[in-house]
Amino acid sequence: MKRIKRIKGTQDILPETSFKWQYIENTVRKIMVRYGYHEIRTPMFEMTELFARGIGQLTDIVSKEMYTFTDRSKKSITLRPECTAPVMRAYLENNLGEARPVQKLYYISPMFRQENPQAGRLRQFHQFGVECIGPSAPEADVETILLGLDIYQELGLTNFTVKINSVGDAESRINYKARLKEFLEPHLTRMCHTCQERYDSNPMRILDCKNESCNSILSDAPQIIDSLTTDAREHFNKVLSLLDQNEVEYQIDHRLVRGLDYYTFTAYEFIGGGLGAQNALGGGGRYDLLAEEIGSKKQTCAVGFAAGIERLIMAMEEENLLPQINSGIDVFIATFGGETQDAGFKLARTLRKNDISVHTELMGRSLKAQMREANRSGARFALILGEEEIKTGRAALKDLLQSEQKEIALSDLVDEILKTRE
RNA sequence: GUGGGCGUAGCUCAGGUGGUAGAGCGCCAGAUUGUGGCUCUGGUGGCCGCGGGUUCAAGUCCCGUCGCUCACCCCA
């Protein structure tokens, strides 16, 4: 029989790695609380239509990367490729906007995209992200950026930059698309295939192209900043001004348009160093049009970002910022089988009820092997419990760190172990 | 979807020109008959990804296939 293997692009997160994940997740939650964000958990799958309409039919995600299947009732279901549309759906469905005008929500959860895996790209990957729903003010945009920066800083990351741009409101974009197309038209024959198609379907995405010949043409292309309406211009200026006031270093990137259809006004990315070809740690922006795309009657302003945890781990590994696993074991109880084993087993339970972490022998091995196991488990102490010890109520407690051993009354054990915690 | 690289012990990897497998680490045991880490000694462990072909003989050559990995498109 052939061994069954995991699905391409998925990962088993083993104990020494899950420890690192916990460290990151704890830090993320801590900073979220500081900024007044609350966790929201939405289902792992949604109606396909949510993403088709919310993210945009022409985006790469929807057109070729979604895990879509038909369930037994013939509904088209999709494993979520991102979480902004689901959060907005939940916000609308639960009338959170009626409860209060500002909802600040965050999530930490797996996403799914059927792409060919490579460094920093998986089919099941994990993101943390925030959605600030309600406010149209540029302060909200900046707050999300600062929040992201604080998480990276708290984790000790230094090798990264912030890129920012404005893609304007609907009117700005109509203006800009016209100017861009006018500029590109004479060069069209020299551009790559996809860009020629984008010229009609979604010209702003051409700015994303990394093809060399397209690139050289684009260096002289008009910039969207010059096509912004007064509102959009003012919004962007205020965002930049707030970033300056808060001493955030950033780069304006006129070619930053981002892949998803729902962005308006501010678009930004956190770019990491030393990550290989996939160097975006996270990205986000404002998306005032999304709510209406998925069926809301009134406009709902919102801004947020999503950040990849696998890429964050890669970046942190690069800078050696991740903690080593700490077993947290206080004591290993070594016994000699038979009655001593039963007594040790019961003692373990008593200690555990007293908030002490205990490891016991489950293989019936020799004392020597048990001591080796105790050492390997990372336990601070080993308690050696034989027949004599059970009779006298006193046992040998060995401090594995100091390599010192003393005899101790079993009744004093809890206090003795807790003492070393301080 | 496309292209490159790689599949040999639990892990990392050696194995000119074909002669049916090795190291380091790990694991187990002993030196120390009730004491870990260090040291020494010994041991366990492999349909050499899978299928076919060439050959007296294939880990090695040829064909196919699957898997992993990096990259392109794009994204986290």
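Just so we're on the same page: letters track the sequence lines, and every chain starts at 1.
Counting distance only, with no hydrogens placed and no angle test, the side-chain atoms of A/Glu389 and the base atoms of B/rG34 include a donor-acceptor pair under 3.5 Å. For A/Lys368 and B/rG36, a side-chain-to-base donor-acceptor distance below 3.5 Å is absent, hydrogens and geometry of angles not being considered. Judged by distance alone with a 3.5 Å cut-off, a donor-acceptor contact links the side chain of A/Arg311 to the base of B/rC75. You'll find a donor-acceptor pair under 3.5 Å spanning the side chain of A/Lys64 and the base of B/rC73, going by distance alone. For B/rG37, its base sits under 3.5 Å from the side chain of A/Ser403 at one donor and acceptor pair at least.
Using a 4.0 Å heavy-atom criterion, one finds that A/Ala307 contacts no nucleic acid atom at all. A/Arg198 comes within 4.0 angstrom of sugar-phosphate atoms only, judged by non-hydrogen atoms across all strands, and of no base. Contact annotation for A/Gln405: base contact, defined as any heavy-atom pair under 4.0 Å involving a base atom. A/Ile309 comes within 4.0 angstrom of nothing in the nucleic acid, heavy atoms only.
Atoms CD1 (A/Ile206) and P (B/rC74) sit 11 Å apart, rounded to a whole Å. Between the CD atom of A/Gln402 and the P atom of B/rG36 there is a distance of 18 Å, rounded to whole Å. Counting to the nearest Å, the C1' atom of B/rG3 and the CD atom of A/Glu115 are 17 Å from each other. Note: OH (A/Tyr263) to C1' (B/rC75) measures 11 Å, nearest angstrom. Summarising the geometry, the separation between CE on A/Met204 and C1' on B/rC74 is reported as 17 Å, rounded to the nearest angstrom. Counting to the nearest Å, the C1' atom of B/rC75 and the CG atom of A/Leu256 are 12 Å from each other. Atom CE of A/Met66 is separated from atom P of B/rA76 by 15 Å (rounded to the nearest Å).
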With 3.5 Å as the limit, what N/O pairs link the protein to nucleotides 42-51 of chain B?
none

Give me, pair by pair, the N or O atoms of the protein and of nucleotides 64-71 of chain B that are less than 3.5 Å apart, along with how far apart they are.
unit_1: B/rG67; atom_1: O2'; unit_2: A/Lys5; atom_2: NZ; d: 2.9
unit_1: B/rC70; atom_1: OP2; unit_2: A/Ala119; atom_2: N; d: 3.3
unit_1: B/rA71; atom_1: OP1; unit_2: A/Ala277; atom_2: N; d: 3.3
unit_1: B/rA71; atom_1: OP2; unit_2: A/Gln118; atom_2: NE2; d: 3.3
unit_1: B/rA71; atom_1: OP2; unit_2: A/Ala119; atom_2: N; d: 3.2

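A salt bridge links A/Glu373 and A/Arg365; the closest N-O separation between the charged side-chain nitrogens and carboxylate oxygens is under 4.0 Å. A salt bridge between A/Glu39 and A/Arg41 is present, with a side-chain N of the basic residue lying under 4.0 Å from a carboxylate O of the acidic one. Using a cutoff of 4.0 Å between basic side-chain nitrogens and carboxylate oxygens, A/Glu115 and A/Lys64 are not scored as salt-bridged. A salt bridge links A/Arg286 with A/Asp288: the closest approach of a Lys/Arg side-chain nitrogen to an acidic carboxylate oxygen falls below 4.0 angstrom. For the pair A/Asp330 and A/Arg421, the salt-bridge criterion is met [side-chain N within less than 4.0 Å of a carboxylate O]. By the 4.0 Å N-to-carboxylate-O rule, A/Arg394 lies too far from A/Glu388 to be salt-bridged with it. Under the 4.0 Å criterion applied to side-chain N and carboxylate O atoms, A/Arg34 and A/Asp150 are not assigned as salt-bridge partners.
Closest to the A/Arg376 side chain, of the nucleotides B/rC27, B/rU35, B/rC74, is B/rC27. Closest approach to the A/Arg365 side chain among B/rA76, B/rU35, B/rC28 is made by B/rC28 (side chain taken as heavy atoms from C-beta onward). Taking the side chain of A/Arg121 as heavy atoms from C-beta on, and the options B/rC75, B/rC74, B/rA31, the nearest nucleotide is B/rC74.
The aromatic ring centroids of A/Tyr287 and A/Tyr262 lie less than 6.0 Å from each other.
Partners of A/Glu46 according to the salt bridge (Lys or Arg N to Asp or Glu O under 4.0 Å) rule, which considers only residues two or more places apart in sequence or in another chain, are A/Arg89.
One C1' atom belongs to B/rC73, the other to B/rU2, and the distance between them is 10 Å to the nearest Å.
None of A/Glu317, A/Glu310, A/Glu25 except one satisfies the salt bridge (Lys or Arg N to Asp or Glu O under 4.0 Å) rule with A/Lys20; the exception is A/Glu317.
Panel note: side chain A/Arg123, backbone A/Thr10; no donor-acceptor pair is recorded below 3.5 Å.
Here A/Phe336 does not count as stacked on B/rG34, because the ring centres are not under 5.5 angstrom apart with planes under 30°.
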